[in-house]
Amino acid sequence: MNLKAARLYIKRSLIVLLALAGGAAAQTPNAAPTPQPQAAPLRLTLRDAVNLALKQNPNVILANLEVARSEEERLAARAGLLPQGGAGVTEVDQRLNVQALLGQPFPGIPEHAGPFQTFAAGVNFQAAVFDLTLWRRYRSAKIGVDASRAGETAAREESVLLVVSQYLGGQRAAANVQSVQSQVDLAQALYDQASDLQSHGVGTGIDTLRANVQLQNAKQRLIQAKTDLDTSLFGLARLLNIDPHRAIELADQVRFFETPDTQADETIEQACAARPEMKQLHTQELQAELALREAGDARLPRVTVSGSWAQMGLAPDSAIPVYNYQANLSVPLFTGGRIEAARAEANVAIKQLQQRDQELRNRIALEVKTAVAQVASARGEVDVATQGVSLARQEVEQARDRFQAGVANNIEVITAQDELARANDNQIGALYRYNQARADLAHAAGRMEALYAR
């Protein structure tokens with residue numbers, strides 16, 4: 001008994017040890033997942049960003065789908081003008097109540113007939129020979145395709161404008177980061193200069209303190225400038241429908257400081273002829289006129305033909321050819337005011353579109369004149385701001401020399417720093433307004449995609 005008890009004790013102990021080992025392994029934390037390597041930043045020029053938006057922007061994709069839908073509507077409307085045909089096979093097994101069909105019993109006539117079977121297999125067709133409403137409907141659907149394409153062009157132009165504006169905003173933020181970084185470097189150099197002069201007994205503590213305050217202010221502006229750049233790039237990624245986890249870099253940062261000449265001789269008539277919104281509105285006016293004609297054509301007679309040919313019999317082996325051909329003339333006499341209501345509705349739609357046409361022309365004229373004025377003004381601002389930056393830099397150099405020579409304290413240097421920072425901000429703002437004014441002029445003239453995507 002003692003040997004058996006010992007063996008039982010050892011067995012139970014092994015079971016307990018194995019259970020404890022399994023629980024400990026289950027409680028051991030899993031190894032940390034291997035971090036996935038981040039994708040390389042996507043470097044985009046302005047043209048790259050525009051072309052990518054024209055492929056991936058949701059609004060552009062929706063406009064493309066609208067064109068496809070209108071094309072299918074055109075095919076459906078065309079089908080109404082074409083003959084329709086079909087084929088069929090039927091087999092009927094029936095038993096009829098003769099008295100119920102006649103309404104009363106008759107002597108000598110049985111109560112029921114059947115059961116019997118009938119079999120038929122054949123083809124049928126129908127076609128509209130004369131129906132102007134179907135023709136008007138097809139023409140309206142065909143013009144609707146042109147309207148959808150004009151709407152697609154308008155969506156592309158708008159998408160390009162948004163991307164260009166956002167990219168220019170990113171360029172402005174990047175230029176601001178560079179400008180503030182140079183201000184930080186300058187403030188650091190002036191702080192080192194003030195500290196060096198103080199250590200040699202030439203400068204004062206207040207000069208060093210003022211220089212240090214100026215340095216910390218510049219560092220704070222640099223943090224804010226970098227944040228503005230990041231948020232601008234986030235907005236650009238959203239417009240381009242890019243994975244939000246992938247970083248974007250602007251490849252055209254240097255070109256922000258270029259000021260290419262702009263042809264500002266766009267006339268209002270040229271802009272109205274080129275704007276896709278005007279083309280879309282004109283096609284809608286044509287559709288409304290066709291709707292008016294369609295409502296009037298509903299009073300005219302309609303001629304249709306139809307027919308069928310089949311093999312019919314009590315069984316397939318006993319079927320014989322049968323056919324039925326007919327022509328139908330339909331003349332509307334009383335429609336309860338439906339035609340007059342349709343004509344009145346079409347007339348109201350035409351008047352609405354005429355008012356929209358006038359309003360759109362006025363808006364395009366305003367956009368063109370405003371953009372031309374802004375381009376001229378912004379170009380002048382760029383010239384003045386560039387000269388202001390040059391003068392501010394000279395002021396900083398002269399103030400540093402005077403402070404180094406001990407002729408003046410660093411108040412002049414700090415004032416010159418502030419003036420240089422203001423001049424840089426003015427230059428960046430003027431360059432941004434000039435580039436944005438060029439984009440606004442291109443949009444007003446209906447040439448956004450032609451100018452920025454090619």
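Throughout, numbering of the chain's residues begins at 1 and tracks the sequence. What you see below is based on every heavy atom in this structure, not just the backbone, and it leaves out hydrogens, waters and symmetry mates.
Between Asp357 and Arg361, at least one side-chain N (NZ, or NE/NH1/NH2) sits under 4.0 Å from a carboxylate O, which counts as a salt bridge. A salt bridge is absent between Glu152 and Arg149: the closest approach of a Lys/Arg side-chain nitrogen to an acidic carboxylate oxygen does not fall below 4.0 angstrom. Salt-bridge annotation for Arg299 and Glu340: present, with a side-chain N of the basic residue lying under 4.0 Å from a carboxylate O of the acidic one.
The closest side-chain heavy-atom distance from His443 to Arg275 is below 4.5 Å. Taking 4.5 Å as the limit, some side-chain heavy atom of Thr370 sits within range of a side-chain heavy atom of Gln374. The closest side-chain heavy-atom distance from Leu250 to Leu44 is not below 4.5 Å. Here the side chains of Leu233 and Gln166 are not in contact, with every heavy-atom distance at 4.5 Å or above. Residues Val89 and Phe119 are in side-chain contact: their nearest non-hydrogen atoms beyond the backbone lie under 4.5 Å apart. You'll find the side chain of Leu186 stays beyond 4.5 Å of the side chain of Gln183, heavy atoms only. Looking at heavy atoms from C-beta onward, Val145 lies in side-chain contact with Arg74 at the 4.5 angstrom threshold. Side-chain contact between Asn59 and Ser159 is absent, with no heavy atoms from C-beta onward closer than 4.5 Å.
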Self-check item: Audit row: Gln214, Asp418, side chain to side chain donor-acceptor pair (under 3.5 Å) steps and yes/no
Solution: CA-CA 9 Å; Gln214 196 74 3; Asp418 293 337; 2.7 Å; yes
Quiz item: So Ser165 and Gln436, side chain to side chain donor-acceptor pair (under 3.5 Å) or not? Walk me through it.
Solution: CA-CA 7 Å; Ser165 299; Gln436 185 62 54; 3.0 Å; yes
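Of the listed residues (Glu71, Arg69, Glu66), just one forms a side chain to side chain contact (heavy atoms under 4.5 Å, CB included) with Ser148, and that residue is Glu66.
For Tyr434 and Tyr432, the distance between ring centers is not under 6.0 angstrom.
Shown here is Phe125, whose CZ atom has more than 12 heavy atoms of other residues, nucleotides or ligands within 6.0 Å. Atom CD of Glu345 sits in a sparse spot, with 12 or fewer heavy atoms from other residues, nucleotides or ligands closer than 6.0 Å. Sparse packing is recorded around CZ of Arg393, with 12 or fewer heavy atoms of other residues, nucleotides or ligands lying under 6.0 Å away. Other residues, nucleotides and ligands contribute over 12 non-hydrogen atoms within 6.0 Å of the CZ atom of Arg363. In the displayed structure, Gln220 atom CD is contacted under 6.0 Å by at most 12 heavy atoms of other residues, nucleotides or ligands.
A donor-acceptor contact closer than 3.5 angstrom links the side chains of Gln181 and Asp185. Remark: the Thr227 side chain and the Asp230 side chain contain no N/O donor-acceptor pair separated by less than 3.5 Å. The closest side-chain donor-acceptor pair between Gln326 and Ser306 falls under 3.5 angstrom.
Taking every heavy atom of both residues into account, Leu240 and Ala53 meet most closely at CD2-CB, 3.6 Å. Across Pro276 and Ala150, no two heavy atoms sit closer than the pair CB-O, 3.5 Å. Closest heavy-atom contact between Ala416 and Val396: O-CG2, 3.4 Å.
The backbone N or O of Leu420 sits less than 3.5 Å from a side-chain atom of Asn424, completing a donor-acceptor pair. When atom types are taken as modelled, the side chain of Arg221 and the backbone of Val180 share no donor-acceptor pair closer than 3.5 angstrom. Distance alone, capped at 3.5 Å, places no donor-acceptor pair between the Asp146 side chain and the Thr283 backbone.
Figure legend: cation-pi geometry between Arg78 and Tyr138 absent, as NZ or CZ is not positioned both under 6.0 Å from the six-membered ring centre and within 45° of its axis.
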